[in-house]
Structures are given as structure tokens and as C-alpha cells.
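Ligands are counted one by one from 1 in listed order, and the atoms in each one are counted from 1 as well. Predicted model, so just to flag it, every value in this text is computed and none were measured.
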Amino acid sequence: MLSHPPIPVAPGGGHELTVGEIPRAIGAVLDATKFVDMHTHLFEPSLGAMGLWGIDELLTYHYLEAELFRSSPVSPGAYFALNKRERADLIWRTLFVENTPVSEATRGVVAVLEGFGLPVRVAALDEARAFFASRGLDAHIDDVFRLAGIDRAVMTNDPLDPAESPLWERGAGGDSRFQAVLRLDRVLNKWSSHWGELVSRGYKVEEDLGGGTVEEVRRFLQDWTARMKPVYMAVSLPYTFAFPEDSVRGRLLRDAVLPACREAGIPLSLMIGVRYQVNPAIRLAGDAVGMADLGAVERLCHDFPANRFLCSVLSRENQHELCVYARKFSNLMPFGCWWFLNNPSIVEEMTAERVEMLGASFIPQHSDARVLEQVIYKWRNTRRTLKPVLARSYTALAEDGWPLTREDIERDVARMFRANFERFSGPRA
Ligand code: FIX
Ligand code: ZN
């Protein structure tokens with residue numbers, strides 16, 4: 001024990017916060033910091049109808065469709081035979097009128113309506129439809145991003161999507177509010193269904209990966225990297241994902257995708273843990289979760305040190321292990337509380353263990369938004385949930401003797417919600 005207590009010197013000379021001032025400082029910094037939303041299914045306006053927005057899209061989000069079938073006798077077949085407006089009407093009546101919108105996803109719609117000052121109960125749907133119909137998309141995006149506290153959304157762009165690829169070939173892109181990501185699911189997970197499309201586009205590939213297939217897949221990735229200028233490549237992977245693996249996916253990942261990422265200087269995002277289509281009748285809502293063997297992540301990070309890996313895993317049971325691997329490999333960047341994890345009770349647990357093990361060297365959240373206005377509630381929830389979590393971490397630090405300043409907190413929040421992504425992604429020599 002020191003003979004006298006150390007004289008606390010606040011780094012950077014800022015005002016040293018008292019323990020009582022810390023929660024308010026945390027909240028103020030989270031509210032004032034613009035975040036980068038590093039994984040969404042949003043699309044910039046040049047991608048036209050790919051971009052979903054407005055109340056009918058908000059209500060027919062697959063999270064709400066899953067909840068509809070628990071509270072309505074409607075069959076999936078009868079529901080999907082309805083048009084978009086009819087589906088939205090049914091979901092509104094079932095989940096918001098006949099029941100209380102107390103789930104995370106239903107409360108989100110309420111938060112969006114409230115964010116725009118719209119009624120959230122009587123006549124809400126009619127007024128909301130009129131409001132969104134009156135909006136111009138470009139200005140609406142600015143308003144939505146302002147309400148959400150973000151200044152950039154990173155998209156998910158599939159070069160083999162027949163609805164999207166022609167738009168890129170006609171020159172889509174270039175909106176500074178959005179960044180592109182080259183999505184690889186059809187190449188890596190559904191090769192047998194999509195190798196023919198590459199042939200039709202002039203790439204000499206074979207289903208069994210014979211001949212110059214690997215080189216031609218690399219050329220395909222180079223061409224689309226040049227076209228899209230992605231900040232990373234990404235793939236969703238099943239809970240059974242293994243690496244190395246003597247499979248089409250294992251070989252294309254090792255011999256085409258990882259070299260293409262190195263050549264482009266961008267990371268690969270691995271999103272692992274999906275049990276696909278456990279209930280196909282409910283379509284996008286039909287996916288579930290499974291615990292993965294993260295040994296695959298260990299071997300990828302270890303065997304390919306020149307590659308960088310963003311990684312989000314879907315099983316709650318895999319989270320602690322992912323933190324441990326992130327302590328072993330600096331080319332591994334954990335991100336987000338993905339999908340079924342994006343609920344306050346789990347976000348709290350995940351973020352606390354990440355701060356405890358990784359400090360500010362991870363990316364706490366992404367929205368995964370599929371409908372533009374969802375970023376409003378997904379980021380409101382993130383700030384609301386993380387305020388007490390970060391307040392506990394920094395209060396413990398102050399109580400243990402660190403002369404904490406608001407500048408410390410500003411630097412760390414900016415690192416977690418912006419700089420970690422910006423430094424880790426994007427072309428790097
Ligand atoms: O693979 C993904 O990017 C997943 O996030 C989606 O497929 C999923 O449907 C989703 O939107 C989860 O939030
Ligand atoms: Zn996603």
C-alpha cells in the first residue's frame with residue numbers, strides 16, 4: 001500500500017468526474033456521438049425498390065411476422081396470399097390493437113411513430129400511411145439518420161441477386177451516407193444453384209471447381225470489388241460451419257475469397273450460427289439458431305494472419321468464447337448483438353463481458369435494419385441499454401482510482417461505435 005494516495009492527474013487535463021457524475025456523462029456522450037451502423041440490409045436510393053421504408057414495410061418485418069403467427073389463427077399460406085397493405089393491416093390489428101406491443105420488435109414500431117410525432121394508438125395506421133406517403137426519400141433518409149444518431153449505414157449487396165446486380169452494372173452507388181458490402185452467400189453456401197450464373201456472365205467456372213474455377217471466382221470477386229467498392233466482404237454461415245473443410249465452401253473460402261480479401265485489403269465478415277429455414281412456411285422468419293464450433297474461427301485467424309475477420313455469432317452460448325478468441329487474435333473483430341441476441345437482457349450481458357475482456361476494442365452493435373426507419377428504434381434501444389452497462393464499468397474504474405474524464409469516455413465511445421470499424425474495414429494496403 002502506498003504511503004500516501006497518488007495525486008490523481010486527469011489525462012488530457014479534463015475535469016475529473018465524480019462517481020455521481022459518471023452515468024450522466026455516459027448518457028450525454030452516447031447521445032452526442034454519431035454512430036456508424038456497420039451491418040444493415042438498407043439500400044441507398046440509387047438501388048431503388050431494393051430499399052424498404054414506411055409503415056407497411058415496418059409492420060411486415062419478418063420479426064413481426066413470426067410474432068403474428070403466435071397471436072393469430074391465420075395460416076402462413078393465407079397470410080402470404082394477402083398483399084403488403086393487407087398483411088400490415090392484419091399485423092397492426094393483431095399485435096397492436098388486440099394485443100399490447102410489448103415485445104422488442106413491436107415496441108420498435110411504436111418508437112418510430114413516436115419519433116416522428118405520429119399518433120401511436122387511435123388512427124395511428126391511417127395517419128402513419130399519410131405521413132410516409134408525403135415524404136421525399138432523400139430528405140427522409142437524412143431525418144431518419146438524425147433521429148437514429150447515425151451518419152452512415154453499411155449495406156448488404158449481393159452481386160448474384162438478379163434484382164440488384166443490374167442496378168450496379170448501370171452505375172448504382174456513390175451516396176456517402178451508405179457503404180457497400182460484397183455478400184457471398186450465393187457463392188459460398190449455394191454454389192450448386194449459382195455457378196451457372198457465373199458461366200452466363202463469362203466466368204469459366206465448373207460445378208466441381210475443376211479447371212480454372214478458383215481463379216475465375218477470384219476474377220469475379222475482383223470485378224465486383226472494383227464495381228461496388230465494398231468496405232468488407234460478408235457471408236452468413238450455418239451453426240455447422242467448419243474450417244478447414246474439404247467442401248466447395250471450404251475450398252472457395254480458402255482459395256478464392258481469402259486471397260481476394262487480401263488483394264482488396266478488406267476484411268471478411270463471418271456471421272455464424274444460423275439454422276436455416278427450420279420452418280420454411282414462414283419464409284424469412286423461418287430461420288433459427290444453433291451453437292457453433294468456433295474452432296473454425298480460431299483456425300481462420302491463426303492460419304490467415306494477413307486476413308482480417310469481422311465476426312458475429314448467433315448463439316448466446318458462443319459469446320464468451322468469441323471474446324476469448326478476440327483476446328488471442330488481433331485480426332478478429334467481434335461485432336454486434338445479432339438478430340435473436342438484439343434484446344436488452346442479452347445485449348447487457350454481452351456488452352459487459354466484452355468490456356471486461358476487450359476494453360473498448362470491439363464493435364458493440366449493428367442494427368441489421370431491413371427497413372429504413374428501424375434504425376431509429378434499434379439505436380435508441382442500444383443507447384438506452386448500454387448507458388447503465390458502461391456506467392457500471394467506468395464507475396468501477398473511477399472507484400479503483402482512475403481520474404476519469406469526459407474526454408476518456410468520448411474517446412472510448414467514438415472508438416467502439418466508429419473508429420474500430422473504420423480502422424478495421426475499408427481498403428488497407
Ligand atoms: O444474414 C444476415 O445478414 C441476417 O442478419 C439476416 O439474414 C436476418 O434475416 C436478419 O435480418 C436478422 O436480423
Ligand atoms: Zn443481417
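Nearest non-hydrogen protein atom to atom 1 (O) of ligand 1 is R183 NH2, 2.6 Å. The shortest contact between atom 4 (C) of ligand 1 and any protein heavy atom is with W338 NE1, 3.6 Å.
Within the 4.0 Å heavy-atom criterion, neither part of Q374 lies near ligand 1.
A cation-pi arrangement is not found for R201 relative to F220, the charged atom failing to lie both closer than 6.0 Å to the ring centre and inside a 45° cone about the ring normal. For the pair R107 and Y377, the cation-pi criterion (under 6.0 Å, within 45° of the ring axis) is not fulfilled. For the pair R299 and F243, the NZ or CZ position fails the cation-pi test of under 6.0 Å to the six-membered ring centre and within 45 degrees of the ring normal. For the pair R87 and Y79, the cation sits on the ring face: its NZ or CZ lies under 6.0 Å from the ring centre, inside 45° of the axis.
Ranked by closest heavy atom to atom 7 (O) of ligand 1, the top entry among H41, R370, H366 is R370.
Atoms of ligand 1 found under 4.0 Å from any heavy atom of H39, numbered from 1 in the order shown, are 3 (O), 5 (O). Each of the following atoms of ligand 1 lies closer than 4.0 Å to a heavy atom of Y63: 12 (C), 13 (O). Listed by number with element, the atoms of ligand 1 under 4.0 Å from a non-hydrogen atom of S236 are 1 (O).
The aromatic rings of F132 and H140 lie perpendicular to each other, with more than 60° between the two planes, well past the 30° mark.
For the Zn ion (ligand 2), the nearest N, O or S atom contributed by D368 is named OD1.
Aromatic rings from F35 and W379 are positioned such that their centres are separated by under 6.0 Å.
For residue H39, an N/O/S atom approaches the Zn ion (ligand 2) to within less than 2.8 Å.
Side-chain contact check for N318 and Y239: no donor-acceptor pair (N or O, by modelled atom type) lies under 3.5 Å.
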